[in-house]
Amino acid sequence: MTSRFNPHAAEPRWQAAWEEAGSFRANDASPKPKSYVLEMFPYPSGRIHMGHVRNYTMGDVLARFRRMTGHEVLHPMGWDAFGMPAENAAMEKKVHPGDWTRQNIAAMRAQLKRLGFALDWSRELATCEPDYYGHEQALFLDLFKHGLVYRKESAVNWDPVDMTVLANEQVIDGRGWRSGALVERRKLSQWFLRITDFADELLDGLKGLDHWPDKVKLMQENWIGRSRGLRFRFAITGDVPAGQDMLEVFTTRPDTIFGASFAAIAADHPLALALAERDAALATFADECRRTGTAAAEVETQEKRGYDTGLRVVHPLDPEWTLPLFVANFVLMDYGTGAVFGVPGHDQRDLDFARKYQLPVTRVVATTADTADEPIHDEADTRDGVIVHSRFLDGLKVEEAKAAVIARAEADGWGQGTTVWRLRDWGVSRQRYWGTPIPIIHCDSCGAVPVPKDQLPVVLPEDVSFDVPGNPLDRHPTWKHVPCPSCGKDARRETDTLDTFVDSSWYFIRFASQPDDRPFDRAVAEQWLPVGQYIGGVEHAILHLLYARFWTRALRRTGLLDIAEPFSGLFTQGMVTHETYFDTDEAGRTLWYAPEEVERTSDGAIARSSGLPVTVGRVEKMSKSKKNTVDPGPIVDQYGADAVRWFMLSDSPPERDLPWSEAGIEGAWRFVQRLWRLTEANDAPEGEDKDLARKLHRAVAGVAADVEALSFNKAVAKIYELANAIEKAAPSATRTGAAETLIRIVAPMVPHLAEEAWARLGREGLVADASWPEVDPALLVDDEVTIAIQVNGKLRDTIMAPKGTDRPTLEALALGSDKVLRLLEGRTPKKVVVVPDRLVNLVA
RNA sequence: GCGGACGUGGCGAAACCGGUAGCCGCAGCGGACUUAAAAUCCGCUUCCUGAUGGAGUGCGGGUUCGAGUCCCGCCGUCCGCACCA
């Protein structure tokens with residue numbers, strides 16, 4: 001009698017059973033080895049999307065597998081609940097950001113629960129609740145106390161749409177990462193975290209992260225951007241503004257110092273500002289420099305331009321030698337000292353600039369001393385070589401010359417070897433309501449005073465309005481007026497809130513330990529940390545992952561937690577993609593069609609509404625703008641959680657994009673039903689099936705290895721193979737046992753079906769609590785192997801031979817093959833290559 | 001421009017250390033069961049050829065008894081950074 005697995009009935013039942021048994025509660029006191037599996041927590045937008053489903057399914061398989069292999073697993077879930085969308089919703093729909101967020105959380109929690117994830121919901125947290133952000137405020141104050149927080153007036157990236165400041169990391173091609181608006185420069189007093197104090201550590205720490213993708217490590221390395229070089233001073237001659245008679249520059253190429261033909265400063269350089277006050281033409285030029293955007297296309301096409309200040313700088317190695325000083329549009333105030341010297345022979349920008357302003361171009365590095373006078377044309381020569389035309393440096397290699405110049409500068413006192421970083425301190429002030437209030441009080445007498453810890457949390461006021469742009473905290477009638485904690489006089493609360501990336505910089509610690517009276521218990525947190533496997537999108541390769549690494553190291557410096565790296569293992573999963581469908585209207589606009597609006601045919605697609613063909617576009621990341629999203633909700637309704645989970649793991653390697661398809665989910669559904677049929681009760685047949693036993697043990701070992709490596713697609717293929725083998729096998733005791741084992745190894749992937757089948761097989765307890773099947777190593781090796789017979793490297797025949805057959809025997813067997821004899825036509829092979837248990841290659 | 005990844009059937013892909021290319025799935029084709037359909041089951045499915053056979057892992061070279069895998073040079077796609085001195 002065949003039956004069908006009914007996910008709609010079974011899934012809620014087993015979810016309730018797990019909940020009742022507390023199966024997925026992590027026990028801090030467990031003697032078992034600890035395993036912390038974490039997926040990046042979601043922003044509560046209101047609905048989960050396929051990307052979440054894929055992300056959490058991967059983590060879930062690993063978490064369940066670890067439980068089966070004897071680990072105490074921590075697999076928590078929470079909500080990255082502060083941020084702009086809640087405020088946008090407040091402005092558009094007149095709902096309070098808190099209400100909107102909490103409703104979204106409730107909806108998404110229900111959706112996640114339907115997918116049957118093995119999560120410890122007892123540790124759920126939302127960053128927007130005072131019992132989370134209050135502890136964050138305490139940590140902020142600890143960092144403050146240790147000098148890792150400071151306030152400074154600085155030019156900031158101002159997003160005119162979101163009306164807030166953005167960190168450098170949040171500006172992409174000159175636009176706000178969220179709003180897409182062109183970012184403006186403004187001067188504001190801002191709070192900063194001293195991430196640059198940790199630049200060396202953060203860079204060097206990458207080396208130890210063996211279980212991180214190289215790509216992410218490289219991205220962080222480039223972002224931190226360490227450059228070693230020489231910082232030195234030029235004396236300035238001419239009509240120099242008061243107190244500006246020295247110009248400090250930074251170079252990574254001190255070896256080329258005798259190739260210098262000019263010096264240049266940024267338009268915002270203090271010297272340029274001073275000069276502009278008395279030189280209207282310069283002021284105009286500087287304005288033009290500031291106006292030009294930093295967008296990729298602009299930078300690439302933009303001409304190198306400069307303004308000759310008329311001043312000259314004295315070459316540090318020759319007081320008789322002076323160079324012109326320009327204000328130039330390609331010099332950045334943000335990097336190094338905002339001033340450079342130009343060596344046109346060996347730097348493309350400098351060369352472009354020198355050609356334009358007819359400055360001398362001298363070769364000072366040549367491949368060999370013989371080519372010292374080879375002219376430089378349109379391309380700067382950046383190759384390694386020996387120094388030429390450079391007085392005492394002549395004949396030195398580039399690296400030797402760098403050291404020699406630095407040594408000379410240090411000895412003579414005009415410069416020193418130094419390191420500069422691309423990384424900037426992290427500006428965390430946001431002029432927003434829906435974020436963690438910065439626990440500082442501004443007092444006219446005492447300055448910025450930390451809120452005393454016993455007055456934490458500083459709670460967001462509920463009664464705020466969003467009818468005008470800007471920060472509702474700032475215009476709240478009473479909230480900001482408080483007495484100074486230090487002197488008691490009238491003072492003002494800081495009305496900026498923290499960047500939401502602060503919230504996500506320590507949530508994984510709070511998951512590990514959540515006492516009421518402090519952010520975490522050090523001993524308990526250290527039992528779990530670092531996170532053994534962290535899984536999320538590669539879009540967080542820099543921002544979130546760098547900030548979290550910094551925060552963890554900052555906590556170590558304050559003595560609160562002795563963990564250097566928060567995530568020992570990182571996996572960045574690919575996106576879920578879908579075909580796109582579109583046509584073009586009379587006006588040439590592209591009209592997108594949602595998947596449910598088109599009917600896929602064998603050679604294209606037609607719109608259901610009109611019956612007319614539409615173009616099948618590229619397979620792309622699911623996005624609202626291209627309408628190629630598939631909502632997981634209805635899919636789970638139709639096929640159940642297990643089929644969706646199975647599909648998420650099938651086919652595509654997890655780091656690559658997964659193309660969603662109707663056919664794919666259908667296939668997953670069929671397999672779930674097939675598994676169900678495989679465990680159909682039969683009347684206890686006797687007998688052994690050695691061949692099947694081998695396949696079984698190989699599958700168990702293979703799937704375990706694949707899951708450990710997060711190669712879920714390979715594990716899935718092995719499970720299919722095993723299922724095929726079991727189906728084909730004649731009834732036997734082995735076959736009956738194999739079906740049960742199969743259920744255990746699919747349990748992490750399709751847990752509801754596994755429970756249902758487990759119960760049907762009459763097994764005690766939950767398969768969620770079962771252990772991973774034992775593997776008999778003896779059954780992993782074959783006793784007979786296929787030997788490939790090649791002639792001149794081409795496959796001509798195969799033969800079976802007992803494993804371990806010696807070389808002479810294999811050679812003899814190969815020479816006995818009819819096909820081989822025919823090809824050799826009586827000749828004796830010149831050479832015979834024998835690879836035991838693999839092949840014989842006869843070279844004729 | 002700099003840095004990185006990738007390129008294998010109609011599609012998603014697999015291939016340990018250089019050793020039988022294409023496991024597994026999807027789609028397709030043929031068949032069984034059925035009044036029929038769905039579901040299920042069996043078989044075929046890289047390309048060319050009727051078969052024997054030949055070709056084949058983006059392109060061109062190289063190393064090797066043997067290359068998807070290693071080396072050199074191209075082409076293409078994607079990602080990150082971007083005037084970083």
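Each chain gets a letter, A, B and so on, in the order the sequences are listed, and its residues count up from 1.
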For nucleotides 21-31 of chain B, just jot down a letter per nucleotide in 5' to 3' order: B, S or -, based on protein non-hydrogen atoms under 4.0 Å. --BSSSS----

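- Looking at the side chain of A:Arg422, the nearest of the listed nucleotides B:C83, B:C84, B:G19 is B:C84.
- B:C24 and B:G9 have their C1' atoms separated by 14 Å, given to the nearest Å.
- Straight-line distance between the C1' atoms of B:A13 and B:C17: roughly 22 Å, to the nearest whole Å.
- Between A:Asp352 and A:Arg349 no salt bridge is recorded (no basic side-chain N to carboxylate O distance below 4.0 Å).
- B:A39 and B:U77 have their C1' atoms separated by 41 Å, given to the nearest Å.
- Judged by atom type and distance alone, A:Lys304 reaches the base of B:C83 through a side-chain donor-acceptor pair under 3.5 Å.
- With its glycosidic angle within 90° of 0, B:G9 is assigned syn.
- Rounded to whole Å, the P atom of B:C26 lies 11 Å from the corresponding atom of B:C41.
- The interatomic distance linking A:Ile665 (CD1) with B:G12 (C1') rounds to 15 Å, in whole Å.
- In this structure B:G12 sits in a base pair with B:C24, meeting the Watson-Crick or G-U test at under 3.5 Å.
- Taking atom C1' on both nucleotides, B:G62 is separated from B:G18 by 15 Å, rounded to a whole Å.
- A salt bridge between A:Lys695 and A:Asp691 is present, with a side-chain N of the basic residue lying under 4.0 Å from a carboxylate O of the acidic one.
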